[in-house]
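Below: one structure, written as structure tokens.
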Amino acid sequence: MSVPDYMQCAEDHQTVLVVVQPVGIVPEDQFFKIYKRIASVSQVSIRDSQRLLYIRYRHHYLPENNEWGDFQTHRKVVGLISITTCASAKEWPQTAERFHGQKEVYSSTLYDSRLLVFGLQGEITEQQRTDVAFYPNFEECSDVEKRVEDFVESIFIVLESKRLDRATDKSGDKIPLLCVPFEKKDFVGLDTDSRHYKKRCQGRMRKHVGDLCLQAGMLQDALVHYHMAVELLRGVNDFLWLGAALEGLCSASVIFHYPGGTAGKTAGRKPSISQPADAGKRHRPGALTANGISADTSTEIGRAKNCLSPEDIIEKYKEAISYYGKYKNAGVIELEACVKAVRVLAIQKRAREASEFLQNAVYINLGQLSEEEKIQRYSILSELYELIGFHRKSAFFKRVAAMQCVAPTIPEPGWRACYKLLLETLPGYSLSLDPKDFSKGTHRGWAAVQMRLLHELVYASRRMGNPGLSVRHLSFLLQTMLDFLSDQEKKEVTQSLENYTSKCPGGMEVITLPDGLKLPPVPFTKLPIVRSVRLLNLPVSLRPHKVKGLLGQNMSTASPFIYSPIIMHNRGEERCKKIDFQWVQGDVCEVQLMVYNPMPYELRVENMGLLTSGVEFESLPAALSLPAESGLYPVTLVGVPRTAGNITVNGYHTSVFGVTSDCLLEGLVGVKTGGCLVEVIPSLPRLQLSTSLPRSAHTAQPMSKEELSSTVSVQLFNGEMQQLTITLENIGSEDIETLELTSKTVSTKEKVFGEFLSWELEDALSHLPLKPGQAVTLAVSIKVKLDFSGQENLLQDLNDDGISVTGLPISSPLRQVLKPRPETKPISSESGKAEYSHIKTLEAVLNFKYSGGAGKVEGYYRELSLGVHVDVEPSVFFTRVSTLPATSTRQCHLLLDIFNPTEHELTVSAKNNQDLVLHASECQRMAIQVDKFDFESLPQPDQETVRFSNPKQLEEERQHAQGCQINSKLGICWSIISFQWLRVL
């Protein structure tokens, strides 16, 4: 016997073997359909008896194995069921002849046989034959199971008669010597009358009778016979049969202790010993039933008397296997005994001892095995190791079986079988094909072995002609084992991946294998590694603002109370999910990722874009190249929401090494994000601003640079006016329907006289609505009037020169012009400029508020801010003011000492007066004849205003009113001759 039955288990010793085979040409599907129905009759309750007969069916059985039937009767073919098709009566004789020839193969052991004929009709089918059943077709055969039961009962009758015949002690008859096939030549010429020979014959026959009792359902009798056989065979050192007797003893004990079986089958057995009949229905020991068959006396005899304990079962198995090991030709028997012992130990949960049996089975030499037999052997070893919980050992032998499928000696390697077996090894090495399992905590398993196995999967799938599988497994290797790959291995794996993807690009589709196994997609979340994701607000000039009167419209009005804790709680939860700014439909939105390249070389990422849900979103992909081991590197991904609503940024997509990946944020480990849900409001227009003045790098404090779309800068002399032309262009897709302009002076240190910024907006408003692409201009006047008096660094005390300036000192340049001192060195122009040019600064912000389109309907608008930075230089100082009487009593002469602090020559003029030319840093006196001032005619504040106002404020208002009256009568102007500027003081 050279082919072991790896599926054998201890309880198979109580079964009878029935072979089911086709005769002639029978469709395979139809044959196995009938075979399954036959095999469903696995146990039959014998009528008028408490015993059950168990049947083991095989559709293929080697005749040479049948020769071991005397050694262990469950290996003996006692029944034959043949299935055939016969279309006409002419074919029947040939079919019957074939059936007869098939019976001849097993004639030495056969108890009974049956022939099931399908397709034959006519007179032949009307013949009453017990061994032949005729059916018109494979569908109309409802009584197949009933015929099989009758067939089994006939087998049982023969079995019982043989048991009774062998069990009867016939002291006068000579007991034949039962032999295994390889022993027959060794017993030629032996003395058959010796005591030793007779004991051997008795011991072997006792063991044989024990087998028959076990098959016939006489468990207690089988135990008795096995014990007797062990004693007899041990005495004559008949080790092979002693091992068989011990194994039979173990099998009977296993059947008693584990009535559910040890093979792990779903259909548990129902032995008669575990379900004894009622006491009133029990038979007397040795009594015969109505059909002449005695009942099982095990229910009356103490069943546990001769039964081995669970621990003794394993010890006897070890002893039996050691005896089998003495015989080279008993390798199959030894291997099968190891398998049976392992199944028992698996039930007893004694995994370590079971592994010892399996280790012994590995080294059993069965001679020259075919490649198919080797594959089967390693596969069964793998299943048994899995049965006892040795998952990694199981995976090892499964992998050996896979490699055996493609051994060099095989002319046509079975790469599909190899691939299938390799897939089955994955759980044993703590490996799955789902990358999500590798993002949870620490790595499980041996990474080096796992990488080896994944490489083998890649190679096997390539040899199968499935490059898509190769790409998926190689992607999985790169994604999950990246931390364990050396720099050289990373380079080799990525080069291989690029070669594969050049023929078959990798994607995010689920790959379904022919056996139904699904391979999930493998997104490259580590190429690059993302550390943080942050949704960016729109630029300040594009951010939407809600009209204040509409802010509360969306609040719940169900409660009559101003504050409802339930409402606030719900809205608080929503804020935790939403980001507190809005995006605008149709505008480019940005998400910033901080990424890291873990590869030792430059990583090129193509087609990187955002994955969103909630609204229609147009992602604008980007391509980037990250330096080797770059560290954190900012990457900004952009897109345009095309509809309004709530948008959720779910992740990003990339294309790396030819593999397209959809990386979801929920699957990324250690990623920091401030929220991924943002509201998209309806579209708003966009306004672009350009000016006639140059841009400036100055930023109006306390505003940040981001808050201003641009800033213009201009340098003016005090009293000068400049025109600023602003062009507003609609660069969006919506009409601008409303436009407002306000200004705010942000530098409050200096007091400004008059309006700093002024404009007329009516002309611009007349062009509304402003269509996309259209522009409108707006003129803004910049006029600066500051008070430069009291500047200590500009005016110094000149009392030593005899000039009084009404309490105000005069500047040193004036001192040099009026009374030069020879001991004083002339001051250079550069140092003089630095010392005497005191510049004051004015800053203001022009704020354009505009809206239109669907966003205006929802109550949103935008703001565009322009910063205005003005550097003001002093122009003309009045160092001394005095009066002289004129010829008319209603007039007087106003004497003004005027100082020019600038570096330019300027002209001062007044009403009805000649122009006065002042050179740089020159002071001259101007006399102006004016009417006397009547300050009493100025309007006086009423008593109530005086009562509630600050006296200092009232004094400032009075002086301002008087100054305005003086300015209106004098009309003093200055102009710089070289620039042809005219400015009003």
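Computed over heavy atoms, backbone and side chain alike; hydrogens, waters and symmetry mates excluded. We count residues from 1, following the sequence as given.
With respect to Glu373 and Arg377, no salt bridge is recorded, no charged nitrogen being found less than 4.0 Å from a carboxylate O. A salt bridge links Arg58 with Asp5: the distance from a Lys NZ or Arg NE/NH1/NH2 to an Asp or Glu carboxylate oxygen falls below 4.0 Å. Between Arg51 and Glu160, at least one side-chain N (NZ, or NE/NH1/NH2) sits under 4.0 Å from a carboxylate O, which counts as a salt bridge. Lys340 and Glu247 are joined by a salt bridge, as a carboxylate oxygen and a charged side-chain nitrogen come within less than 4.0 angstrom of each other. A salt bridge does not link Lys316 with Asp312: none of the charged nitrogens is closer than 4.0 Å to a carboxylate oxygen.
Side-chain atoms of Ser82 and Gln102 form a donor-acceptor pair, as typed in the model, at a separation below 3.5 Å. Under the 3.5 Å distance criterion, with hydrogens and angles disregarded, a donor-acceptor pair is assigned to the side chains of Thr409 and Glu371. Looking at Arg56 and Thr15, their side chains do bring a donor and an acceptor atom within 3.5 Å of each other.
Residues passing the side-chain hydrogen bond (donor to acceptor under 3.5 Å, both in side chains) test with Arg350, sequence neighbours excluded: Gln348, Glu353. For Ser382, the side-chain hydrogen bond (donor to acceptor under 3.5 Å, both in side chains) test picks out Ser394, with sequence neighbours left out. For the side-chain contact (heavy atoms from CB on, under 4.5 Å) test, residues two or more places apart in sequence or in another chain that qualify with Ala252 are Leu214, Leu219, Leu223, Tyr226. Residues passing the ring pair (Phe, Tyr, Trp, His ring centres under 6.0 Å) test with Phe138 are Phe118, sequence neighbours excluded. For Pro27, the side-chain contact (heavy atoms from CB on, under 4.5 Å) criterion is met by Asp29, Gln30, Thr85, not counting sequence neighbours. The ring pair (Phe, Tyr, Trp, His ring centres under 6.0 Å) test applied to His13 returns His74, not counting sequence neighbours. A search for side-chain contact (heavy atoms from CB on, under 4.5 Å) contacts involving Asp70 returns Lys76, Leu178, His208, not counting sequence neighbours. With sequence neighbours excluded, the residues satisfying side-chain hydrogen bond (donor to acceptor under 3.5 Å, both in side chains) with Ser154 are Asp112. Applying the side-chain contact (heavy atoms from CB on, under 4.5 Å) rule to Glu145 yields the partners Arg37, Ser40, Val41; only residues at least two apart in sequence or on another chain are considered.
In this structure, Leu423 and Leu517 have side chains that are in contact, with non-hydrogen atoms separated by less than 4.5 Å. Here the side chains of Cys307 and His257 are in contact, with some heavy-atom distance below 4.5 Å. Within the 4.5 Å cutoff, the side chain of Val44 has no heavy atoms near those of the Leu52 side chain. At least one side-chain heavy atom of Ser251 sits less than 4.5 Å from a side-chain heavy atom of Tyr317. Counting heavy atoms from C-beta outward, Val78 and Leu159 have side chains that stay 4.5 Å or more apart. With a 4.5 Å cut-off on side-chain heavy atoms, Val19 and Ile81 do not count as touching. Arg392 is not listed as a side-chain neighbour of Val449, based on a closest heavy-atom distance of 4.5 Å or more. You'll find the side chain of Leu17 stays beyond 4.5 Å of the side chain of Ile55, heavy atoms only.
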Enumerate, atom names and distances included, each donor-acceptor pair closer than 3.5 Å involving a side-chain atom of residues 233-245, sequence neighbours excluded.
unit_1	atom_1	unit_2	atom_2	d
Arg234	NH1	Glu319	OE2	2.7
Arg234	NH2	Glu319	OE2	3.4
Asp238	OD1	Arg204	NH2	3.1
Asp238	OD2	Arg204	NE	2.6
Asp238	OD2	Arg204	NH2	3.0
Trp241	NE1	Glu183	OE1	3.3

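Of all heavy-atom pairs between Ser108 and Asn66, the closest is OG-ND2, 4.2 Å. Across Leu422 and Ala460, no two heavy atoms sit closer than the pair CD1-CB, 4.3 Å. The two atoms that bring Ile155 and Gly79 nearest to each other are CD1-CA, 3.9 Å, heavy atoms only. Taking every heavy atom of both residues into account, Tyr61 and Tyr106 meet most closely at O-OH, 3.0 Å. Glu334 approaches Gly325 most closely through the heavy-atom pair OE1-CA, 3.6 Å. Across every non-hydrogen atom of Val406 and Cys418, the tightest pair is CG1-CB, 3.9 Å.
The backbone N or O of Cys9 lies less than 3.5 Å from a partner atom in the side chain of Asp12, making a donor-acceptor pair. Using modelled atom types, no side-chain atom of Arg166 and backbone atom of Leu212 make a donor-acceptor pair closer than 3.5 Å. With hydrogens and angles disregarded, no donor-acceptor distance shorter than 3.5 Å links the side chain of Glu336 to the backbone of Pro4. For the pair His391 (side chain) and Tyr385 (backbone), a donor-acceptor distance under 3.5 Å is absent.
Between Leu381 and the choices Val362, Val400, Val342, the side-chain contact (heavy atoms from CB on, under 4.5 Å) rule is met once, by Val362. Each of Gln14, Lys162, Gln215 was evaluated against Thr73; a single residue qualifies, Gln215, per the side chain to side chain donor-acceptor pair (under 3.5 Å) test.
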Residues Glu456, Arg399; criterion side-chain contact (heavy atoms from CB on, under 4.5 Å); working and verdict: CA-CA 10 Å; Glu456 290 170 351; Arg399 180 180 166 275; 2.5 Å; yes
Intermediate values then yes/no, side-chain contact (heavy atoms from CB on, under 4.5 Å), Lys318 and Glu315: CA-CA 5 Å; Lys318 288 181 179 178; Glu315 292 302 319; 4.1 Å; yes
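By the 6.0 Å contact criterion, CD on Glu139 is enclosed, its count of non-hydrogen atoms from other residues, nucleotides or ligands being greater than 12. For His100, the NE2 atom is loosely surrounded, since the number of other residues' heavy atoms within 6.0 Å does not exceed 12. At most 12 heavy atoms of other shown residues, nucleotides or ligands fall within 6.0 angstrom of atom CD in Glu28.
Sequence neighbours left out, the pairs with a member in residues 15-53 that pass ring-ring contact (aromatic ring centres under 6.0 Å, His included) are Phe32-His59, Tyr35-His59. A side-chain hydrogen bond (donor to acceptor under 3.5 Å, both in side chains) check over residues 411-425, counting only residues at least two apart or in different chains, returns the pairs Lys398-Glu424, Tyr419-His473, Lys420-Glu424.
Remark: Phe397 CZ to Phe390 CZ distance equals 11.5 Å, nearest 0.5 Å. Note that CD of Glu311 and OG of Ser309 are 5.0 Å apart. Values are rounded to the nearest 0.5 Å. One distance of note links CD1 of Ile175 with NZ of Lys198; it measures 9.5 Å at 0.5 Å rounding. To the nearest 0.5 Å, atom CD1 of residue Ile46 and atom CD of residue Glu149 are 10.0 Å apart. Here CG of Asn306 is found 11.0 Å from NE2 of His225. Values are rounded to the nearest 0.5 Å. Atom CZ of Phe156 sits about 10.0 Å away from atom OG of Ser161, to the nearest 0.5 Å.
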